[in-house]
Amino acid sequence: MQIVSLGPVVVSGPSGTGKSTLLNRLFAAHPNSFGFSISHTTRKPRPGEQDGVNYHFVDRETILQGIANGEFIESAEFSGNMYGTSIKAVRDVQKTGKICMLDIDMQGVKSVKKTDLNARFLFIAPPSLEALEQRLRGRGTETEESAQLRLAAATEELAYAAVPGHYDLVIVNDDLDEAYRKLETFIFKEE
C-alpha cells in the first residue's frame, strides 16, 4: 500500500467509539508507517499510562504558557482538564518520514483546519448514541457525571460531523473489521 501524503491524519470522534482500538490495529499492521504525536494534558495518568508515552502529563501553567507562546496546534478543555497538541510533537513525527496521526476532539479539528499542515480529517462515529452510552458505561472508568458530559459532547460532535466538508470521511464503527478496512483504505488510498 502506498502512503498518499505525509500531512497529518486527524482522527476524531466521541470517547468510546473505538478510535484507539482501530489505531492500535493500524499501527500493528503497518509498524513503520505511522507516528503518534504525544499530546499534553493536565489530567492525572490512568492506571498503566506513562508520561511521555501516552501523554505529556503537565500542570495547567505549562499548557497555558505554551498556548500563549504559539507552541500548540490545538488545545481544548474537557471535564476540567486541558489537552493540547504541540507543533513540535507533529514535526517530531514528520521528521521520521512517518505519517503523524492526531487523535483530537472537535475543537481541535477546527483549529487544525486553520493551519497549513495539509491534514486529512476522519471521524469515527458510534452506531448510535445508545450504543455509545453502553460502551462508555461498560468500560467502568466513568463517573455518572463524566458519562453525561461525554454523551453531551458526543451529541455535539456527531452534529458537527454530519455537516458536509467538515471531515473527508465518516466511518460508523458498528463492525470493527469493516471500520478498519475503511480506515486503512482512507489512509493508503492510491494517488
Side-chain angles (χ1 to χ4, degrees), residues 1-15 17-43 49-58 62-63 66-67 69-78 81-125 153 157-158 160-161 163-173 179-191:
M1 294 188 166
Q2 179 103 5
I3 295 175
V4 177
S5 151
L6 283 180
V9 174
V10 175
V11 180
S12 187
S15 183
T17 57
K19 294 185 306 288
S20 295
T21 301
L22 289 165
L23 290 173
N24 288 338
R25 186 168 169 184
L26 182 71
F27 286 11
H30 306 279
N32 300 316
S33 298
F34 302 102
F36 209 56
S37 72
I38 300 170
S39 298
H40 288 68
T41 185
T42 59
R43 80 162 170 73
E49 289 183 329
Q50 296 178 323
D51 185 47
V53 176
N54 303 97
Y55 284 96
H56 295 292
F57 294 100
V58 297
T62 300
I63 287 186
I67 292 167
N69 292 341
E71 298 167 6
F72 283 81
I73 292 170
E74 58 86 27
S75 63
E77 187 156 354
F78 186 77
N81 294 304
M82 294 188 74
Y83 296 84
T85 303
S86 71
I87 293 168
K88 181 184 182 312
V90 174
R91 289 198 176 130
D92 286 348
V93 173
Q94 290 175 318
K95 285 178 190 172
T96 68
K98 295 179 179 181
I99 296 173
C100 182
M101 301 297 286
L102 297 172
D103 177 358
I104 54 180
D105 73 356
M106 179 180 72
Q107 291 174 346
V109 167
K110 291 176 180 178
S111 296
V112 173
K113 284 184 171 285
K114 295 175 185 172
T115 72
D116 62 355
L117 287 171
N118 193 29
R120 293 186 291 151
F121 298 88
L122 177 64
F123 187 83
I124 307 296
E157 289 180 85
L158 289 164
Y160 180 77
V163 176
H166 283 174
Y167 290 91
D168 297 309
L169 179 65
V170 174
I171 297 173
V172 176
N173 188 9
Y180 176 75
R181 187 192 63 74
K182 289 177 180 176
L183 169 67
E184 194 176 51
T185 299
F186 174 76
I187 302 235
F188 292 106
K189 64 184 171 187
E190 295 181 337
E191 295 178 290

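Computed from a prediction, not measured in an experiment: that's the story for all the values here.
- For the atom pair OG1 (Thr62) and CE (Met82), the distance works out to 10.5 Å, reported to the nearest 0.5 Å.
- Ile171 has its side chain within reach of Leu169: a pair of non-hydrogen atoms, C-beta onward, lies under 4.5 Å apart.
- Here the closest non-hydrogen pair linking Gln94 and Pro8 is NE2-CD, 3.7 Å.
- No donor-acceptor pair closer than 3.5 Å links the side chain of His40 to the backbone N or O of His56.
- Remark: the backbone N or O of Val90 is not paired with any side-chain donor or acceptor of Lys95 at under 3.5 angstrom.
- Looking only at side-chain heavy atoms (C-beta outward), His30 and Asn32 stay at 4.5 Å or farther from each other.
- Two residues are said to be in side-chain contact when any heavy atoms from C-beta on lie closer than 4.5 Å; Val58 and Thr41 fail this criterion.
- In this structure, Lys88 fails the cation-pi test against Phe72, since its NZ or CZ atom is not both closer than 6.0 Å to the six-membered ring centre and inside 45 degrees of the ring normal.
- For Arg43, the CZ atom is densely surrounded, since the number of other residues' heavy atoms within 6.0 Å is greater than 12.
- Put simply, the side chain of Ile63 reaches to within 4.5 Å of the side chain of Ile67, judged on heavy atoms.
- Aromatic ring pairs are classed by plane angle as parallel below 30°, tilted from 30° to 60° and perpendicular above 60°; the pair Phe188 and Phe34 is perpendicular.
- Although no hydrogens or angles enter the test, the distance criterion places no donor-acceptor pair under 3.5 Å between the side chain of Asp168 and the main chain of Arg120.
- Heavy-atom minimum distance, Ala28 versus Pro31: O-CD, 3.6 Å.
- At a threshold of 4.5 Å between non-hydrogen side-chain atoms, the residues Tyr167 and Val10 do not count as touching.
- Side-chain contact check for Ser39 versus Tyr55: some heavy-atom pair is nearer than 4.5 Å.
- What you find for Lys113 and Gly165 is that their closest heavy atoms are NZ-O, 3.6 Å.
- With a 4.5 Å cut-off on side-chain heavy atoms, Val9 and Leu102 do not count as touching.
- Closest heavy-atom contact between Thr85 and Ser37: CG2-OG, 3.7 Å.
- Under the 3.5 Å distance criterion, with hydrogens and angles disregarded, no donor-acceptor pair is assigned to the side chains of Ser86 and Glu71.
- A distance of 10.5 Å separates CD1 in Ile38 from CZ in Phe57, rounded to the nearest 0.5 Å.
- Lys110 is not listed as a side-chain neighbour of His166, based on a closest heavy-atom distance of 4.5 Å or more.
- Taking OG of Ser75 as the start and OH of Tyr83 as the end, the distance is 13.0 Å to the nearest 0.5 Å.
- Within the 3.5 Å criterion, the main-chain N or O of Gly13 finds a donor-acceptor partner in the side chain of Lys19.
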*asked:* Show, in sequence, the C-alpha distance, side-chain angles and deciding distance for Ile187 and Met101, and conclude whether the side-chain contact (heavy atoms from CB on, under 4.5 Å) test is met.
replied: CA-CA 10 Å; Ile187 302 235; Met101 301 297 286; 3.6 Å; yes
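- The CD atom of Glu157 sits 5.0 Å away from atom OG of Ser12, with the distance rounded to the nearest 0.5 Å.
- Taken to the nearest 0.5 Å, the OG1 atom of Thr21 stands 10.5 Å off from the CD1 atom of Ile124.
- One finds the CD atom of Glu77 at 11.5 Å from the CG atom of Asp105 (value rounded to the nearest 0.5 Å).
- The two residues Pro14 and Phe123 have their closest heavy-atom pair at CD-CZ, 3.6 Å.
- Listed for the Asn173 side chain is a donor-acceptor partner under 3.5 Å among the backbone atoms of Thr17.
- For the residue pair Val170 and Ala161, the shortest heavy atom distance occurs at CG2-O, 3.9 Å.
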